[in-house]
There are 2 protein chains.
Amino acid sequence: MRHRLKDVAERAGVSVKTVSNVVNGYQHVRADTRARVEEAIAELHYRPNLSARNLRKGRTGVIALAVPELDIPYFAELARHVVDAAAEHGWTVLVDQTGGGPEQERKAASGIGDHMIDGLILSPLALTADDLAGLAGLPMVLLGERVDHGPADHVMIDNVAAAREVTAHLIGLGRRRVAAIGSQRTPEGASARLRLAGYTAALAEAGLDYDDRLVAPAPAWHRADGAAAMRHLLTTGVRPDAVFCFNDTLALGALRALHEAGLRVPEDVAVAGFDDIEDGRFSIPTLSTVAPDKERIARLAVELLAGRLTTDREAPPRELVAPYHLSLRESAP
Amino acid sequence: MRHRLKDVAERAGVSVKTVSNVVNGYQHVRADTRARVEEAIAELHYRPNLSARNLRKGRTGVIALAVPELDIPYFAELARHVVDAAAEHGWTVLVDQTGGGPEQERKAASGIGDHMIDGLILSPLALTADDLAGLAGLPMVLLGERVDHGPADHVMIDNVAAAREVTAHLIGLGRRRVAAIGSQRTPEGASARLRLAGYTAALAEAGLDYDDRLVAPAPAWHRADGAAAMRHLLTTGVRPDAVFCFNDTLALGALRALHEAGLRVPEDVAVAGFDDIEDGRFSIPTLSTVAPDKERIARLAVELLAGRLTTDREAPPRELVAPYHLSLRESAP
DNA sequence: ATCGTTGCTTACAACGTTGTACAAACCAGG
DNA sequence: CCTGGTTTGTACAACGTTGTAAGCAACGAT
């Protein structure tokens, strides 16, 4: 049922290697030989065995994308762009779900299926630069906002600046009790730390005092956590008149909690998020947010990986910064 | 830098095959030999070359999941469950994005990377049973609601019954002008046809007339399409007092359009969706919806594939029906 | 001592492909 | 017709792994 080069060769009356040459577009094959071979290929529905080819060539044409969770909209949207960008380079993408745990991330980094992938785009939550240093086996590009300048290529956006900008926007609306949702004290919370830094910087610039009661932690960044954090904020004495949520799903949860509390957005409380996921364009109200250029991030990551694979395998790690912009909608116009 | 069985063998002072035996857990290896080999493996950080193993064994340990778009929440959530279920079988999942086009779906079905994957779970939009019949090269499980009983294993839910049930629920709320959003006339619209059939059946059972003006088509099933369709419905003379949207993203778009039109949900218009995506639990209002058991769907699909790969490769195609339930929330309580 | 038996290990071939080296056929210029 | 270069095709080995068959001890039973 499944045919090999040898079968095609016999049918076309040439050697195995000649068929291989035709398949690989080698130049010096006479037109009529090529035609005979191609006919045989078509008749037998021959398709090369990639395992064998990979074994021989040492490359697989597959790269992996490892993200914490696929059903978090931000990662799903990112995955889509990575798949598209990789396709332009002729790569297939193996999407891996790490769950954000250090063990699974390490496993992904040390080679999901060994020799099954040429490179890895990893969006780490738990791993530190030290962890990664020991795993330099695989060409790797890191996504996101790990603080440390690790040993691998890196694509990120300027989280501090973005967080400061969006917080400043809330303040510019005349709000004086601007809360933050999503702080984390764990080592995994690198993004949280950076965004918190931007938040406090904006407060300081505006001459507002930092108030601990206005900063709500969130163990994870799902809608439910945002809702819970918002409810909590409403029970503390200082009722906020604006909230900066460290990502959009948190913000959507917060919107929900505000709605349940009978507060109007943005009249009573302005809300802003981070990530610009599709949901936020249709939520009620629509969501003001920091919009990282996800397509650009994906493209840069794939190109960094491509560079590492083709030319300078031992080049020093590069760090690219992707652009973002504020996308202002109803929740904080 | 990268070591092979041979290197380990030399270091441990045994033959290559003995190392292979240790790696594969072969029983008859003396304890001290095994210890020596394992030590050598650890020292060299040996990891098997999967391409070579696959070539030898004829199996890769990778299955593919091909869905139209990764950033559609339903598929993202499904992908998550498939990855989890596959992991229990020791499989890695290669997630492929077809875009819903026939050409890419055919390409996925005929073997994404040939011999790179053992089997395929495909969620087809465009392909018909006839298309698939010609592509029986790869063990395959189809997801979703293609009408035709194709040549491959199939996991689905009873779309007609589910649509009828949710429509009946809207009618049970006392609504008499129940609209539908999401109809499609194209061959890709198999789900749309089934859900429309359930809708009309429920109307008939309740003795309500089918009104063409209450049925709004949607080219795709994104939020924007739902919003556009809802706006259109509001311009026709017959103002609906309930809407059944053929999926949740359409429904979220419809909620948005109703909000913009100043109509209250559910007081003025009740809204129900289909898929039970995470967004719907936090939208304002929260969304009543048909909740297919996605985890079960994923698990059944993986198990069907497992069966086909291990035992009965030539067994007649099976069709499994996964359960669903109505999840009633604020938009249509 | 000899004979199986059992336990452990090994050499060899094979999976399907492509790189290398070379042979054969062809061509042009003397 | 020979020479030297180019084009076209071939044989062979190799990529790293595992299945097969067989080798070699050491053992208890004859």
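Letters go in sequence order (proteins before strands), and every chain restarts at 1.
- One finds a side-chain N or O of A:Thr18 lying less than 4.0 angstrom from the OP1 or OP2 phosphate oxygen of D:dT10.
- Spacing between atom CG of A:Asn49 and atom P of C:dT18 amounts to 10 Å, rounded to whole angstrom units.
- Residues B:Arg11 and B:Asp7 are not paired through a salt bridge, judged by the lack of any N-O separation under 4.0 Å between the basic side chain and the carboxylate.
- Side-chain N/O atoms of A:Asn24 include one lying less than 4.0 angstrom from OP1 or OP2 on C:dT18.
- Residue order along DNA chain C, read from the 5' end via each residue's closest nucleotide, puts B:Tyr26 first among B:Tyr26 and B:Leu55.
- Between the CG atom of A:Asn21 and the C1' atom of D:dT8 there is a distance of 10 Å, rounded to whole Å.
- As rounded to whole Å, 15 Å separates atom C1' of D:dT20 from atom NE2 of B:His28.
- Between B:Arg56 and D:dG19 there is no side-chain N or O to OP1 or OP2 distance below 4.0 Å.
- Protein atom CD of A:Gln27 is 16 Å distant from nucleotide atom C1' of D:dG9, rounded to whole Å.
- Looking at B:Glu77, its side chain does come within 3.5 Å of a backbone N or O of B:Glu278 through a donor-acceptor pair.
- Taking every side-chain heavy atom of A:Val16 into account, C:dT17 is the closest of C:dT10, C:dT17, D:dT10.
- Contacts of residues 4-12 of chain A with DNA chain C (heavy atom under 4.0 Å): A:Arg4, A:Leu5.
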Show your working on side chain to side chain contact (heavy atoms under 4.5 Å, CB included) between A:Gln97 and B:Asp84 and close with a plain yes or no. CA-CA 9 Å; A:Gln97 198 170 237; B:Asp84 288 343; 3.4 Å; yes

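- Relative to the side chain of B:Thr33, the nucleotides D:dA11, C:dG19, C:dC8 differ in distance, and C:dC8 lies closest.
- Among D:dT10, C:dG19, D:dT20, the nucleotide with an atom closest to any side-chain atom of A:Val14 is D:dT10.
- The side chain of B:Lys17 lies closest to D:dG19, out of D:dG19, C:dG16, C:dT9.
- Look at B:Ser20 and you'll find a side-chain N or O under 4.0 angstrom from OP1 or OP2 of D:dT18.
- To the nearest 0.5 Å, atoms CE (B:Met156) and OG (B:Ser191) are separated by 10.0 Å.
- Taking atom CG on B:Asn54 and atom C1' on C:dC15, their separation rounds to 11 Å, with Å as the unit.
- The CG atom of B:Asn49 sits 8.5 Å away from the CG atom of B:Asn54 when rounded to the nearest 0.5 Å.
- The distance between atom CZ of A:Arg47 and atom P of C:dT17, rounded to the nearest whole Å, is 12 Å.
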Working note: A:Leu305 + A:Asp153, criterion side chain to side chain contact (heavy atoms under 4.5 Å, CB included); need CA distance, chi angles, decisive distance, verdict. CA-CA 8 Å; A:Leu305 199 53; A:Asp153 289 334; over 6 Å; no

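- Summarising the geometry, the separation between CZ on A:Arg53 and C1' on D:dG16 is reported as 18 Å, rounded to the nearest angstrom.
- Panel note: side chain A:Arg299, backbone A:Ala85; no donor-acceptor pair is recorded below 3.5 Å.
- Here D:dT18 is the nucleotide among D:dT18, C:dT18, C:dT10 with the atom lying nearest to any side-chain atom of B:Lys57.
- In the set C:dT10, D:dT10, D:dG9, the nucleotide with an atom closest to the side chain of A:Arg30 is D:dG9.
- Nucleic acid contact class of A:Tyr46 (heavy atoms, under 4.0 Å, all strands): sugar-phosphate only.
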Take A:Asp71 and B:Lys294 through the side chain to side chain contact (heavy atoms under 4.5 Å, CB included) test and state the conclusion after the steps. CA-CA 12 Å; A:Asp71 53 358; B:Lys294 293 194 269 291; over 6 Å; no

